[in-house]
Amino acid sequence: MAQKPSIPKGTRDFSPAEMLRRNYIFDTIRKIFSLYGYLPIETPAMENLSTLLGKYGEEGDRLIFRILNSGNFLADVSPSALSAADTSAVTRHISEKGLRYDLTVPFARYVVQHRDEITFPFRRYQIQPVWRADKPQRGRYREFFQCDVDVIGSDSLLNEDELVRITDRIFGELGINIIIKINNRKILAGIAEIAGAGERLTDITVAIDKIEKIGREGVRQELAAKGIAPGVIARLEPIIDLSGSTEQKLAVLKKAMAESASGMQGIREMEELTGYLAVEPVKATVELDLSLARGLNYYTGTIIEVSAADLPFSSICGGGRYDDLTGIFGMPGVSGVGVSFGADRIYDVMMQLNLLPEQTGSSTEVLVINFGSAELPALMKVAGELREAGIATELYPDPAKLRKQFAYADSCMIPLVVIAGSNELAAGQATVKNMKTGEQTAVPFHELTSFIRRLKTS
RNA sequence: GUGGUUGUAGCUCAGUUGGUGAGAGCGCCAGAUUGUGGAUCUGGAGGUCGCCGGUUCGAGGCCGGUCUUCCACCCCA
């Protein structure tokens, strides 16, 4: 007895209707990427664990899918480690590859490996799936597609400006209203510095990040619960209470952070970027959000996160600047910046907002009825001529009852049916049926393609 | 990773405190219409009740485990 087949948790099949809608999203993104002069690359689904580990923080490392070594992978494992069920000691020996967790780290690896072929600044885009061993939820999958654009080998904040504009343009074209939140890791470092709690930066930003959910008082409690000293919390007050426009926030921060070199540097960068953005306004709301931290370890400067304005959905796009990702792979001093579009979440958002209307079930425009072996050569010729004329045509594969063939055209939403049985062939003209109106027209065979072309344009 | 939740026909779901052959709507197939789809009518096929084990005279309803779904936390696209 065959058991029901299934696919791994958090993965999905995509039907033709879904693929048509997904491809619309990918095509739009790809079009804008290349409009700005970015070039495509691809990298392998799996990377060496040495490439992957340590780049995403503790949580990230845990979420990397490991690939079991081939062959007798237990041969090198010491029996004591095995019997002690020492997971980390054992995995080191039995797995040396993993599925990629994002596209940025493989990109940095790519840049280092191909440095002699690359002209900097290097602008690339990459649209491929990534895998995370997360617990699936709505909008959270274990296999999902990221669409990354990055420019590496340039410190200029003009790149940040450009990425914001690309983001604005893509979501504008897709019809999604968005909020772009920006922040700068150097400002966050400055905050921790003036609070005298540099090593607690993560705890502090995680707590500040919850301000929308739990309020200012909640943030104070959260900080206290994390063991942040009351004096430190007091020094953080101006930051917890921050409000107003980006300019106003920056002014407050400038005062509060005068003693932090990195904080001031972050503020200067933020001012420069907002200056660029002011040159030509973008459609989306762009706001400074100090609570934006982002868990990925490698970010060092600007960080960006995009959410849909009309839905309480988690981020659909995110990114930032990484000053030394390539340094880990032996190529120091090369700064890059990029953003990643989450195609699957964008799809979910667009479905919920009804921005992806149901498409026709088939791309076929004409179905040629199959009448059997006597008429077949003539019918094959007709179908061939229609295709020559650029009309998507199907010839029904079996000489089935007309009822069945028409029902097929109906359920596949094929708009036209060409009927050419013995009567029509004898008379030298086919019958063309418009499935929507039910109207039937007799058309001489030599005028068939031009007749159908005219129907298409009208 | 922590806590909770879901799983009955292809789909959406009923199934009363465990007790006669497991149901509906939609869909599917066939016929009414042997060269014409969407409407209508008639008939038909299709279910190891997620999986494994347990309790019971008896389990789709109870218990344990497991997988899956969705939700909160965590984190993120």
Side-chain angles (χ1 to χ4, degrees), chain A residues 1-12 15 25 29 56-64 87 100-104 127-148 167 202-203 205-206 209-210 213-214 222 292-297 299 303-308 313-320 338-349 367 369-372 375 396 399-425 430-440:
Chain A
M1 191 62 98
Q3 62 179 35
K4 279 185 184 171
S6 63
I7 54 175
K9 191 206 297 214
T11 65
R12 294 147 303 149
S15 65
I25 294 172
I29 290 172
Y56 307 110
E58 205 180 313
E59 176 79 0
D61 280 359
R62 207 166 49 78
L63 298 179
I64 292 170
T87 311
R100 67 169 164 253
Y101 179 88
D102 74 352
L103 299 179
T104 307
I127 298 177
Q128 288 190 274
V130 303
W131 294 268
R132 296 184 186 177
D134 230 329
K135 211 164 186 174
Q137 285 182 32
R138 183 171 36 148
R140 160 180 273 167
Y141 307 101
R142 285 185 150 181
E143 177 184 59
F144 59 96
F145 274 75
Q146 290 194 326
C147 314
D148 272 40
T167 304
T202 311
D203 285 338
T205 53
V206 165
D209 185 34
K210 292 183 182 165
K213 261 187 206 165
I214 61 182
E222 172 96 11
L292 177 59
R294 301 192 61 77
L296 265 38
N297 269 0
Y299 291 125
I303 42 186
I304 302 171
E305 193 164 286
V306 179
S307 52
F313 219 86
S314 41
S315 71
I316 52 179
C317 177
V339 291
S340 177
F341 293 78
D344 305 81
R345 285 187 178 174
I346 292 171
Y347 181 94
D348 290 345
V349 165
L367 177 72
I369 296 289
N370 185 334
F371 280 93
E375 293 85 355
Y396 197 86
K401 287 183 170 179
L402 289 205
R403 174 188 166 77
K404 194 176 170 95
Q405 299 193 46
F406 275 91
Y408 172 80
D410 188 48
S411 79
C412 294
M413 290 187 265
I414 298 170
L416 296 174
V417 173
V418 167
I419 304 141
S422 50
N423 301 344
E424 283 83 357
L425 290 174
T431 302
V432 177
K433 175 160 181 168
N434 180 329
M435 292 297 283
K436 203 161 185 180
T437 62
E439 183 188 357
Q440 297 196 167

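Just so we're clear, the structure is a prediction, and the values are computed from it rather than from any experiment. In what follows, every chain begins at residue 1, and chains take the letters A, B, ... in the order their sequences are listed.
- With B:C70, B:A77, B:G35 as the candidates, the nucleotide lying closest to the side chain of A:L402 is B:G35.
- B:U69 sits 26 Å from B:U16 when the C1' atoms are compared, rounded to a whole Å.
- Between A:G421 and A:R132, it is A:G421 whose nearest contact on RNA chain B lies nearer the 5' terminus.
- When the ring pair (Phe, Tyr, Trp, His ring centres under 6.0 Å) test is applied to A:Y408, the partners found at least two apart in sequence or on another chain are A:Y396.
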Secondary-structure notation, RNA chain B, from Watson-Crick and G-U pairs under 3.5 angstrom (| other strand): ((((..(..((((.....[...)))).(((((.......))))).....(((((..]....))))))..))))....
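- If you take atom P in B:A30 and the same atom in B:G37, they sit 13 Å apart, rounded to whole Å.
- With sequence neighbours excluded, the residues satisfying ring pair (Phe, Tyr, Trp, His ring centres under 6.0 Å) with A:F145 are A:F26.
- Side chain of A:E375 to main chain of A:A420: no donor-acceptor pair is present (N/O by atom type, distance under 3.5 Å, no hydrogens or angles).
- Partners of A:E424 according to the side-chain hydrogen bond (donor to acceptor under 3.5 Å, both in side chains) rule, which considers only residues two or more places apart in sequence or in another chain, are A:T431.
- Distance noted for atom C1' between B:C62 and B:A72: 28 Å (whole Å).
- With C1' as the reference atom, B:G38 and B:G50 are 37 Å apart, rounded to whole Å.
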N/O to N/O distances under 3.5 Å, protein versus nucleotides 67-69 of chain B:
residue	atom	partner	partner atom	Å
B:U68	OP2	A:K9	NZ	3.3
B:U69	OP1	A:G10	N	3.4

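- Judged by distance alone, with hydrogens and angles left aside, A:Q440 brings a side-chain donor or acceptor within reach of the base of B:U36, the pair sitting under 3.5 Å.
- Annotation: B:C13 and B:G7 have their P atoms spaced 10 Å apart (nearest Å).
- Evaluation of atom-type donor-acceptor distances gives a pair under 3.5 Å for the side chain of A:K135 against the base of B:U2.
- Partners of A:T167 by side chain to side chain contact (heavy atoms under 4.5 Å, CB included), not counting sequence neighbours, listed by chain and number: A:F171, A:I178, A:I180, A:V306, A:C317, A:V339, A:F341.
- Atom name P, nucleotides B:A59 and B:G53: the rounded distance is 14 Å, in whole Å.
- With sequence neighbours excluded, the residues that form a side chain to side chain contact (heavy atoms under 4.5 Å, CB included) with A:T11 are A:I7, A:P8, A:E143.
- Partners of A:D410 by salt bridge (charged side-chain N to carboxylate O under 4.0 Å, His left out), not counting sequence neighbours: none found.
- Which of B:G38, B:C71, B:A77 sits closest to the side chain of A:F144 comes down to B:A77.
- Stacking between A:F371 and B:G35 is absent: the aromatic ring centre is not both under 5.5 angstrom from the base six-membered ring centre and within 30 degrees in plane angle.
- Separation of the P atoms belonging to B:U6 and B:G65 is 15 Å when rounded to the nearest angstrom.
- For a distance-only test at 3.5 Å, the side chain of A:K433 qualifies as a donor-acceptor partner of the base of B:G37.
- With sequence neighbours excluded, no residue forms a ring pair (Phe, Tyr, Trp, His ring centres under 6.0 Å) with A:Y141.
- Closest approach to the A:C317 side chain among B:G37, B:A77, B:C70 is made by B:A77 (side chain taken as heavy atoms from C-beta onward).
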